[in-house]
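Written below as structure tokens is the structure these notes are about.
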Amino acid sequence: MTTQETQSRHARQFGLPVATALVMGNIIGGGIFLLPASVAPFGTISLLAFAVLTVGAIALALVFSRLAERLPQTGGPYVYAREAFGDFAGFLAAWSYWITTWVSNAALAVAAVGYLDVLIPLHGNKAATIAAALTLQWLPALANLAGTRYVGAVQLVSTVLKFAPLLLVAVGGLFFFDPANLGPLQADDHSAMGAVSASAAILLFSYLGVESAAVSAGEVRDPRRNVGRATILGTLGAALIYLLGTLSVFGTVPHDRLVTSTAPFTDAVDAMFGGGWGGTAVAVAALVSMVGALNGWTLLSAQTPYAAAKDGLFPQAFARKNRGVPTVGVLVTVVLASSLTVYNYTAGSKGVFEMLVLVTTFTATVPYLLSTAAQIYFLASGRADRVHRGRLIRDGLLAALAAGFSLWLVAGSGYAAVYQGVLFLFAGVLVYALLAARKQRPQEDAVELPEQAVRESARA
């Protein structure tokens, strides 16, 4: 069997179902299992914050859909920012997105170990905990290294397994819904607007991942059509699970108990069916959810550097592909995430790790803002090849909504995260300077060589 045949056997483009599963799986990690308890102190008015955020997330998804129609290439936000504003903006999008992915992978693995402890008691054994966290990171990485065919299969299976129990609570809970459990509309001293804003600050990052299909556009079959559809369907599916799941938990678990709950979905399952198996069921669902998210985010962590490396804006090693996967990007990402995970457990510097995770909530918004700015630039440019005249007003409104949503994400990150995140971006500026200089040098050498030949010919 030839190398090309081996590559094609293991590399397979994603169809609409797998692309949609990638979006849904990356949006919904493990946070959903704690969200109802996190917003319960604000009262049922927090559901309004969910609704507002859903509108913003769908607007952002629609913007990515439009951009993917125009530029259906691997890299997503990097491609859009570079096309609109040049190399520097493209690099900032790629750099900030890359930081987001590998730090988030470390955070997901650490959180997943907490759920694994319910199934396989680690009893606080540091060596066993580290081994479990690294295993949870390397298994998805190995699936990625095996080829896009296996990435898609893992993503589809994990998404189905993840949503079965979530739908059980989200839909089944409505049959056990008791309005008396809802508690007050406002449960604290905030004004109505203050309660919505405060709960929104907690929920803001629930929709990170809407760009997943756009980032992997080069691996999606018929990207002009399927990337947009997958983005919208995946975001709508995640939003439906979020809203119904939170509403069902609110209606099945008494408010005073929900406020102090550390496992709201477990309490909801126990309230619906009785017995003590709810904790195990939710732990399994959460673990599957996080492994699926790790699988998808590992792929995305390599795709953006791959696109930037092809343009000379990342080290060329990131441009190498094997079986449809940028293998160097996957390996570098999993090594960095693993190193951060080990540091978290051994150095006792939990505050540093939590700070880095918080920073990613800011760095994730940089590509969003650059993408929405690119869409606004394309719409305002007036060029016929960039603007669909029949939907100019609608696209403009969607871009404005998406920009507002992205800015809200930045504001919700907090002053400390923005401050630290800007330092990360400035560090990237230095990296860009070196890469840009290296990219420029061969061009200058190519110009100098003919001139040198002319001078030597004249001298002869």
Side-chain angles (χ1 to χ4, degrees), residues 22-23 25-31 57 60 64 74-81 89-111 137 140-141 144 204-216 290 293-308 313-314 318 326 329-330 332-341 344 352-372 405-410 412-414 416-429 431-432:
L22 184 66
V23 175
N26 286 354
I27 291 176
I28 300 181
L60 186 60
F64 276 119
T74 294
Y78 159 75
V79 174
Y80 313 144
F91 173 81
L92 285 182
W95 175 260
S96 57
Y97 194 75
W98 185 57
I99 292 172
T100 300
T101 54
W102 64 263
V103 177
S104 296
N105 275 9
L108 271 171
V110 171
Q137 287 178 346
N144 274 265
L204 275 171
F205 312 109
S206 305
Y207 286 106
L208 295 182
V210 297
E211 74 290 343
S212 300
V215 172
S216 297
M290 290 186 177
L294 279 166
N295 181 65
W297 280 107
T298 299
L299 175 65
L300 298 190
S301 68
Q303 298 288 20
T304 299
Y306 164 77
L313 299 179
F314 249 66
F318 285 87
V330 170
V332 171
T333 293
V334 73
V335 168
L336 286 172
S338 297
S339 301
L340 183 56
T341 302
N344 174 64
V352 175
F353 182 78
E354 289 170 353
M355 179 274 292
L356 288 171
V357 172
L358 188 60
V359 165
T360 64
T361 59
F362 166 74
T363 57
T365 62
V366 174
Y368 290 176
L369 277 170
L370 287 171
S371 296
T372 53
F405 177 66
S406 301
L407 288 171
W408 198 8
L409 284 171
V410 173
S413 300
V418 172
Y419 171 75
Q420 299 288 350
V422 169
L423 292 180
F424 269 80
L425 289 182
F426 283 175
V429 172
V431 175
Y432 173 79

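We number each residue from 1, following the sequence as shown. Values reported hereafter were calculated over all heavy atoms of this structure, with side chains retained and with hydrogens, waters and symmetry mates removed.
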What are the two closest heavy atoms between [X] and [Y], and how far apart are they?
| X | Y | result |
| --- | --- | --- |
| Ala337 | Ala106 | O-CB, 3.6 Å |
| Leu108 | Met290 | O-SD, 3.7 Å |
| Ala94 | Ala308 | CB-CB, 4.1 Å |
| Ala81 | Ala89 | CB-O, 3.8 Å |

For the side chain to side chain contact (heavy atoms under 4.5 Å, CB included) test, which of Val332, Thr304, Val103 pairs with Trp98?
Val332
Rounded to the nearest 0.5 Å, how far apart are CG of Leu425 and CH2 of Trp95?
9.5 Å
Interatomic distance, Thr365 atom OG1 to Trp408 atom CH2 [nearest 0.5 angstrom]:
14.5 Å
[X] (side chain) donor-acceptor with [Y] (main chain) under 3.5 angstrom:
| X | Y | result |
| --- | --- | --- |
| Thr333 | Val330 | no |
| Ser104 | Thr101 | no |
| Trp102 | Val335 | no |

Sequence-distant partners of [X], side-chain hydrogen bond (donor to acceptor under 3.5 Å, both in side chains), two or more places apart:
| X | result |
| --- | --- |
| Thr100 | Thr363 |
| Thr298 | Asn105 |
| Tyr97 | Glu211 |

Do Leu60 and Ser406 come within less than 4.5 Å of each other through their side chains, counting heavy atoms only?
yes
Steps toward side chain to side chain contact (heavy atoms under 4.5 Å, CB included) verdict (Tyr78, Leu313)
CA-CA 11 Å; Tyr78 159 75; Leu313 299 179; 3.6 Å; yes
Can Phe91 and Val431 be said to form a side chain to side chain contact (heavy atoms under 4.5 Å, CB included), step by step?
CA-CA 10 Å; Phe91 173 81; Val431 175; 4.0 Å; yes
Is the Phe314 ring parallel, tilted or perpendicular to the Phe318 ring (thresholds 30°, 60°)?
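Geometry flag for Phe318 against Phe314: perpendicular rings.
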Determine the interplanar angle of the Tyr368 and Phe64 rings, folded into 0 to 90°, and report it as parallel if under 30°, tilted if 30 to 60°, perpendicular if over 60°.
perpendicular
